[in-house]
Protein chains: 2
Amino acid sequence: MKAETGKRRRLTPEQRERQIVDGAIRFFAEVGFEGQTRELAKRLGITQPLLYRYFPSKECLIERVYNEVYIKRWQPHWEALIIDRSRPLEERLVTLYREYTRAIFNYEWVRIFMFSGLKGGNITERYLSIVQDKLFVPVCTELREVAGLPSTDEVPLEPEELELAWNLHGGIYYLAIRKWIYNLPIPEDLDGHIERVVHSFIEGTPVTLRWHFARHDV
Amino acid sequence: MKAETGKRRRLTPEQRERQIVDGAIRFFAEVGFEGQTRELAKRLGITQPLLYRYFPSKECLIERVYNEVYIKRWQPHWEALIIDRSRPLEERLVTLYREYTRAIFNYEWVRIFMFSGLKGGNITERYLSIVQDKLFVPVCTELREVAGLPSTDEVPLEPEELELAWNLHGGIYYLAIRKWIYNLPIPEDLDGHIERVVHSFIEGTPVTLRWHFARHDV
DNA sequence: CGCATAGTTAATCGATTGATAAATTGCGGC
DNA sequence: GCCGCAATTTATCAATCGATTAACTATGCG
């Protein structure tokens, strides 16, 4: 009644823990957090109680998965990139979203983020508030300059402006949702697509901003 | 050992079935399809076995929820609206997305659609293929005309063009995801936001299209 | 009033869940 | 080589899942 001989492999705690965490990320990304510990163990080729030697509860393992997935993906230099006026804003945005999609666009990140949002908590809210403060606000500040409008020091940023940055971001992120959640094909040439989308943004948004403020100030 | 007197309410089968379906839509939208039948019954104020008098299995109830949510939301006149060249394209798109968001932007639709996508199946794929054929393709056809480019009869639609329509759509739909999945605030003035986004689209996309074809044909 | 029909319920079953305790086995140090 | 510790497994528990059965009770018809 023993396991198949030779299958039992004794790893160091560090190796085993890493194996469990990596497997859990993949597993929960696929089936959601209601996925069963027995099924996870089977995929890892270990027994279910062994999971509980490394993590006191399923909830703790999930918490660990969150941390592994969200930490270390953010590139602080993005914030400097956006405000580097030695390059055209269009070029900066293309670079930003090229790198952003390379960092974020993958099966595990997109699906775990969505499961996490549906579940509740406030993990997604916290993450996106950072995105807004570190990316969208500076982008809008730069947009003011490109559009020939007063700086944000003189005229505070309006929610309507922020929404235009959210819209650019949402259109791009929707690609990831299409691919990893709706299981639909997306362009092979992602970089080319980003170039076109950012080009449309640069051509259209400053005009809209001036249009908005002109109506607004009347 | 009987239930509390007076609580028992006898409804006609039609009323009871409707009550169960409506409650199930709300319930599964909130917690996902792993939500338990006992909890659903409790929220409805009935006992769990009664669910099985109306639906042979949980899976059948879920199937019914799908049909209730997705059927009857699509407005066939949208397809005619897009190609009505007696009005400016910008006005047509604003009208379209005003109506589209009124029809689709609600808690149940957005969350059940997302749960359904994560679960797999092909419900989301089928729906979105309709959206592409009925909305995005005609929009791109109209864009050709606005941009002064050859009609789609002469030069077939390219995937890159379709992606620009997907991008507009994704940016707008991302608002719904922010609100009902990430639990973030979105603009109160949704119609005004749509006006600005569509304006940016009309200002930026034709330029990008000509830019794209110019590079392309070299 | 009485009876049949049907809506509703309590009680329960077998399978599965997260989690635990105890037995087993692999590996490094002597 | 073998000894001991710790990694891993077997066996199992209590709770909970979807689903079933049989009994209970409200309503309409005569």
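Each chain gets a letter, A, B and so on, in the order its sequence line appears, and its residues count up from 1.
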When you measure from the side chain of [X], which nucleotide among [options] comes out closest?
{"X": "A:P49", "options": "C:dA21, D:dG18, D:dA7", "result": "C:dA21"}
{"X": "B:K58", "options": "D:dG18, C:dA19, C:dG7", "result": "D:dG18"}
{"X": "A:R38", "options": "D:dG18, C:dA10, D:dC13", "result": "D:dC13"}
{"X": "A:R53", "options": "D:dA19, D:dA7, C:dG7", "result": "D:dA7"}
{"X": "B:Q48", "options": "C:dA10, D:dA6, D:dA19", "result": "D:dA19"}

Indicate, yes or no, whether a donor-acceptor pair under 3.5 Å links the base of D:dA6 to the side chain of A:R10.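 Under the 3.5 Å cut-off, the side chain and the base do form a donor-acceptor pair.
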Whether the side chain of B:R16 and the base of C:dG7 hold a donor-acceptor pair under 3.5 Å is what I'd like checked.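 For B:R16, whose side chain was compared with the base of C:dG7, there is no donor-acceptor pair (under 3.5 Å).
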Using whole Å, report how far [atom1] of [X] lies from [atom2] of [N].
{"X": "B:Y52", "N": "C:dG7", "atom1": "OH", "atom2": "P", "value": "19 Å"}
{"X": "A:F55", "N": "D:dT8", "atom1": "CZ", "atom2": "C1'", "value": "16 Å"}
{"X": "A:E14", "N": "D:dA6", "atom1": "CD", "atom2": "C1'", "value": "13 Å"}
{"X": "B:L50", "N": "C:dA6", "atom1": "CG", "atom2": "C1'", "value": "11 Å"}
{"X": "B:I20", "N": "C:dG7", "atom1": "CD1", "atom2": "P", "value": "11 Å"}
{"X": "A:L11", "N": "C:dT25", "atom1": "CG", "atom2": "P", "value": "18 Å"}
{"X": "B:L51", "N": "C:dT9", "atom1": "CG", "atom2": "C1'", "value": "13 Å"}
{"X": "B:K42", "N": "D:dT16", "atom1": "NZ", "atom2": "P", "value": "11 Å"}

Report yes if the distance between the aromatic ring centroids of A:Y127 and B:Y182 is under 6.0 Å, otherwise no.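 Judged by ring-centre distance (under 6.0 Å), A:Y127 and B:Y182 do not meet the cut-off.
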Check for me whether the distance between the ring centres of B:Y70 and B:F113 falls short of 6.0 Å.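 Distance test on ring centres: under 6.0 Å, yes.
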Would one find a side-chain N or O of B:Y54 under 4.0 angstrom from OP1 or OP2 of C:dT8?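 It does, given that an N or O in the side chain of B:Y54 lies less than 4.0 Å from OP1 or OP2 of C:dT8.
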With a 4.0 Å limit, can you tell me whether A:T47 has a side-chain N or O closer than that to the phosphate oxygens OP1/OP2 of D:dT8?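 No, A:T47 has no side-chain N/O under 4.0 Å of OP1/OP2 on D:dT8.
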Suppose we screen for ring pair (Phe, Tyr, Trp, His ring centres under 6.0 Å). Which residues come up paired with B:F55, at least two apart in sequence or across chains?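 Checked B:F55 against ring pair (Phe, Tyr, Trp, His ring centres under 6.0 Å); zero matches.
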Of B:I46 and A:E34, whose nearest nucleotide on DNA chain C comes first from the 5' end?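 Result: B:I46.
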Indicate, with a heavy-atom threshold strictly under 4.0 Å, whether A:S57 touches base, sugar-phosphate, or nothing.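 Contact class for A:S57: sugar-phosphate only.
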Taking the cut-offs as 6.0 angstrom to the six-membered ring centre and 45 degrees off its axis, would you call B:R196 and B:F201 a cation-pi pair?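 No, B:R196 and B:F201 do not form such a contact.
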Exam field: side chain B:E142 to backbone B:V139, donor-acceptor pair closer than 3.5 Å: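 A pair under 3.5 Å: no.
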